[in-house]
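To keep things clear, I will list the structure first and then write my remarks on it.
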Amino acid sequence: MSDADTVIVLDFETTGLSPDYGDRAIEIGAVKIQNGIIVDRFQALMNPGKPISRFIEDYTGITNQMLTMAAPCDEVMEQFADFIAGFNLVAHNASFDKRFLDAELSNIYRPYSGQFSCSMLVARRLFQQAPSHKLSSLVALNNIQVEGEFHRALFDAEMTAKLWLVMLEQLSNRFALVTVPFQLTQKLSKTPKKQVHKLLKSYQI
DNA sequence: TGCCAGGCCCTCTTTAGGGCCTT
């Protein structure tokens, strides 16, 4: 496995659904996967500069009191920009996390070079018969051990990472692939379901 | 406050609508 296949699996908790409508990040969690093993972690609450709603408090377990003691978003994101520098990125429903990463890093004028792959889009192709492709359902479907609560950033990042590793292993085993390059997961996430098998056959050696 | 947005994907489709996912 090359450095290009070392990935950061990340998850944001936020004040809402859209940075374009003023929503901000309130927590970032991430793990680094290298050679199929989690080798590093990052977790931080961040103060968005305004109160969060009761809904978000209930949804995440993160309270306004917790956030008043947290470092501001800009300070945390400076550290996170260093953590992800040079690595590709994975998230569950990556379009959501990418929007917040782009918005928060844009605020501090920090670019990043990694590309995103989406565990949900890969799962939709690999587990086409699954009743649901939400993170908790896929974790249960694959009998991944759960020790913690969903909707906290580091826990969701850890669960997404374990799901990601399961999917890479299944791709290797089911389709007799020697390696599953990061670029293949990106191609897979954009391939119509009926053409998935054809794509994977082309990667067989 | 939890209704909001945006991308993907399916179908009773493509000159569209709606469910799934993320907080």
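In the text below, chain A, chain B and the rest are named by the order of the sequence lines, each starting its count at 1.
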### Atom-to-atom span, CG of A:L138 to P of B:dC20 - whole angstrom
14 Å
### Task
Kindly say if A:S132 contacts the phosphate of B:dC21, meaning a side-chain N or O under 4.0 Å from OP1 or OP2.
yes
#### Entry: Inter-nucleotide C1' distance (B:dT13, B:dG18), Å rounded
12 Å
### Task
May I ask you to list the residues sharing a hydrophobic cluster with A:M69, side-chain cutoff 4.5 Å, ordered by chain and number?
none
### Query
Rounded to whole angstroms, how far apart are CG on A:D11 and P on B:dC21?
16 Å
### Task
Answer yes or no: are there more than 12 heavy-atom neighbours, outside A:Q204 itself, under 6.0 Å from its atom CD?
yes
### Query
Using the P atom in both, what is the distance from B:dC12 to B:dA5, to the nearest Å?
28 Å
## Note on the structure
In whole angstroms, the gap separating C1' of B:dT22 from NZ of A:K134 amounts to 11 Å
Check: protein-nucleotides 5-8 of chain B nitrogen or oxygen pairs below 3.5 Å:
| from | atom 1 | to | atom 2 | distance (Å) |
| --- | --- | --- | --- | --- |
| B:dA5 | OP1 | A:Y21 | OH | 3.3 |

### Message
Regarding A:D97, tell me which of base, sugar-phosphate or nothing describes its non-hydrogen contacts under 4.0 Å with the strands shown.
### Response
nothing
### Task
Indicate, with a heavy-atom threshold strictly under 4.0 Å, whether A:F100 touches base, sugar-phosphate, or nothing.
nothing
### Query
Rounded to whole angstroms, how far apart are NZ on A:K194 and C1' on B:dC10?
11 Å
### Query
Taking for each residue the nucleotide of DNA chain B bearing the nearest heavy atom, is the 5' side occupied by A:R54 or by A:H133?
A:R54
### Message
Going by side-chain contact (heavy atoms from CB on, under 4.5 Å), name the residues that satisfy it together with A:L141, two or more places apart in sequence or in a different chain.
### Response
A:F127, A:A130, A:L138
### Query
Nearest-Å distance, CG (A:D156) to C1' (B:dT22)?
10 Å
### Message
Would you say CD of A:Q128 has more than 12 non-hydrogen atoms from neighbouring residues, nucleotides or ligands within 6.0 angstrom?
### Response
yes
#### Entry: Where at least one partner belongs to residues 151-160 of chain A, residue pairs that pass salt bridge (Lys or Arg N to Asp or Glu O under 4.0 Å), sequence neighbours excluded
A:E27-A:R152, A:R41-A:E158
### Message
Tell me the interatomic distance from A:Y59, atom OH, to B:dC3, atom P, rounded to whole angstroms.
### Response
12 Å
## Note on the structure
Sorted by chain and number, sequence neighbours left out, side-chain contact (heavy atoms from CB on, under 4.5 Å) with A:D58 holds for A:R54
### Query
Which part of the nucleic acid does A:I26 contact within heavy-atom distance under 4.0 Å: base, sugar-phosphate only, or nothing?
nothing
### Query
OP1 or OP2 of B:dT23 sitting under 4.0 Å from any side-chain N/O of A:H151?
yes
### Task
Return the value, rounded to whole Å, for the distance between atom CZ of A:F116 and atom P of B:dC21.
20 Å
### Query
Which word best sums up how the rings of A:W164 and A:F182 line up, parallel for under 30°, tilted for 30 to 60°, or perpendicular for over 60°?
tilted
### Message
By the salt bridge (Lys or Arg N to Asp or Glu O under 4.0 Å) test, which pairs, at least two apart or in different chains, include something from residues 190-204 of chain A?
### Response
none
## Note on the structure
Expected list for residues 103-115 of chain A near DNA chain B, using heavy atoms below 4.0 Å, is none
### Query
Using the C1' atom in both, what is the distance from B:dC20 to B:dT1, to the nearest Å?
23 Å
### Message
The criterion is ring pair (Phe, Tyr, Trp, His ring centres under 6.0 Å); which residues satisfy it with A:Y59, sequence neighbours excluded?
### Response
A:F55, A:H151
### Query
Going by heavy atoms closer than 4.0 Å, what residues in residues 46-53 of chain A are next to DNA chain B?
A:S53
### Query
According to the salt bridge (Lys or Arg N to Asp or Glu O under 4.0 Å) rule, which pairs have a member within residues 127-146 of chain A, sequence neighbours left out?
none
### Audit row: A:T15, A:D23, side-chain hydrogen bond (donor to acceptor under 3.5 Å, both in side chains) steps and yes/no
CA-CA 5 Å; A:T15 64; A:D23 286 319; 2.9 Å; yes
### Message
On DNA chain B, does the nearest nucleotide to A:K193 precede the nearest nucleotide to A:E13 from the 5' side, or the other way round? Give the residue.
### Response
A:K193
### Task
Taking salt bridge (Lys or Arg N to Asp or Glu O under 4.0 Å) as the test, write out the residues that go with A:E78, two or more places apart.
A:R110
### Task
Scan residues 87-99 of chain A for pairs that pass salt bridge (Lys or Arg N to Asp or Glu O under 4.0 Å), counting only residues two or more places apart or in two chains.
A:K98-A:D102
### Query
NA contact type, A:D58, heavy-atom cut-off 4.0 Å: base, sugar-phosphate, or nothing?
nothing
### Query
Whole Å only: how far is the CD1 atom of A:I62 from the P atom of B:dT23?
11 Å
